[in-house]
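Data block below; observations after.
Because the structure is a prediction, the values reported are computed rather than measured.
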Amino acid sequence: MQIRICPEEFDPFHEIQAFQNTALDKAGKYGATSIFVGTMRDLNDDKDVEVMTLEHYEGMTEKQLGIFVSEAQQQWQILDALILHRVGKILPDQTIVLVVVWASHRGDAFDACRYIIEALKSKAPFWKKEKLTSKEERWVTKNTDGYLQKNN
Amino acid sequence: MQIRICPEEFDPFHEIQAFQNTALDKAGKYGATSIFVGTMRDLNDDKDVEVMTLEHYEGMTEKQLGIFVSEAQQQWQILDALILHRVGKILPDQTIVLVVVWASHRGDAFDACRYIIEALKSKAPFWKKEKLTSKEERWVTKNTDGYLQKNN
Amino acid sequence: MVQTIMSIKVRYFASLKETIGKSEDEVSGERTLSVSDVWRLANQSTELPENILAAVNMDYVGLDTNVNDGDEVAFFPPVTGG
Amino acid sequence: MVQTIMSIKVRYFASLKETIGKSEDEVSGERTLSVSDVWRLANQSTELPENILAAVNMDYVGLDTNVNDGDEVAFFPPVTGG
């Protein structure tokens with residue numbers, strides 16, 4: 001299991017490959033990998049965003065992410081998990097978050113991955129401040145509910 | 001949108017990167033990518049598997065996968081999709097299937113990706129024949145239900 | 001009354017192909033044929049095994065669906081991809 | 001009766017940090033303190049804004065949770081990561 005806070009840009013696919021090739025000692029054992037990549041959009045609440053700054057509560061972030069993985073392990077049969085999250089200045093099209101769950105079967109992989117990203121969105125201590133192309137700055141005040149996307 | 005049947009081994013992460021860098025003209029627009037990778041395990045129904053052969057109904061496969069993506073597009077707001085599926089001889093730890101869905105928001109990406117893999121598992125005309133390490137050959141007769149994994 | 005002669009291509013896959021020992025058939029008929037009729041014309045006394053799925057022109061159909069001249073009818077076991 | 005003097009580290013994040021113009025405080029008290037008490041000791045007449053979340057030693061807690069000597073108490077707005 002790996003949880004990492006990244007102050008620099010990272011390539012999610014390179015990271016998955018690197019983890020599979022080194023840390024993940026389960027070749028032939030996992031049949032299902034569910035991956036979520038969150039990417040910075042150049043638009044939020046109908047405003048053009050130029051750059052975003054991600055603040056976090058160092059220590060609590062890692063602790064909470066570890067708790068989410070433990071909770072997922074208690075609910076689903078999973079083999080391993082990888083979570084990377086950017087902090088600092090982020091530009092549109094850069095990766096913000098990567099969640100990967102390896103399991104024998106797809107139901108467990110999907111549900112655990114979804115659980116972890118929903119927990120992260122609602123409980124991991126990260127905060128986004130956007131700088132719009134109009135130069136206005138604003139704190140993002142609320143995450144959307146991933147389960148009720150269509151009703152928002 | 002790309003749907004491809006692959007007679008040769010492929011690297012799912014290389015394929016995603018290649019697609020994002022060329023065919024996917026939506027940088028800055030997608031905030032959520034949901035990815036499923038199905039990998040061959042060296043064990044199935046408690047037997048050690050040496051090699052698997054995947055047969056398919058050429059033409060119907062592509063047609064059905066296209067239908068699944070259309071159905072997903074009707075139900076969720078998705079920006080693009082990529083589906084790759086191996087056929088022929090497959091060894092443990094090789095990728096069998098890759099499903100990727102790009103969307104603005106994670107609810108749509110997750111649900112559409114899940115929808116497509118479930119539809120693929122239950123309706124795309126692929127058939128697996130396993131050769132066990134005991135040299136016995138057997139057709140896989142039934143896919144597990146991804147939604148009821150824990151009850152199987 | 002003019003009767004049209006229909007020509008139907010039949011295909012078999014996976015374990016079904018091995019069981020019946022062939023991958024293709026060509027059947028023809030002078031009257032309206034259902035998918036079940038196509039099976040019977042192609043396989044005489046061999047009953048259509050249980051759980052076998054059918055497609056016409058690469059879309060899933062029920063066994064009582066009628067076929068048209070030039071159609072491709074396929075029979076195969078439950079799918080196991082992914 | 002011997003009274004212990006407790007020392008509590010207080011931290012603020014994101015928009016709350018900007019609003020109150022500080023990122024850290026140190027408060028001390030001689031009696032049992034709840035998280036709300038810690039806020040009041042550190043911020044006097046400034047009311048704890050609505051929707052603010054609290055953590056003690058990096059775990060979420062309710063505002064009526066008691067703190068112990070050496071604890072780190074944090075206040076912050078709803079999170080927006082991912």
Would you say A:Gln17 and B:Asp11 are linked by a side-chain donor-acceptor pair, where the criterion is simply a distance under 3.5 Å? yes
Please check if atom CG in B:Asn21 has more than 12 non-hydrogen atoms from other residues, nucleotides or ligands closer than 6.0 Å. yes
Polar side chain donor-acceptor pair, B:Gln20 to B:Trp102, under 3.5 angstrom: yes
Could you look at A:Thr95 and say if it's the side chain, the backbone, both or neither that has a heavy atom under 4.5 Å from chain B? neither
For B:Tyr57 and B:Trp127, I'd like to know if the aromatic rings sit close, meaning centre-to-centre distance below 6.0 Å. no
For the interface with chain B, which of A:Lys29, A:Lys26, A:Gln94 has the highest count of heavy-atom pairs at distances below 4.5 Å? A:Lys29
Centres of the A:Phe36 and B:Phe110 rings: under 6.0 Å? yes
Go through the atoms of A:Asn44 and report whether side chain, backbone, both or neither lie under 4.5 Å from a heavy atom of chain B. neither
Which bit of B:Glu15 is near chain A, if near means a heavy-atom gap under 4.5 Å: side chain, backbone, both or neither? neither
Return the option, out of A:Pro92, A:Gly38, A:Ala27, A:Pro12, with the maximum number of heavy-atom pairs under 4.5 Å with chain B. A:Ala27
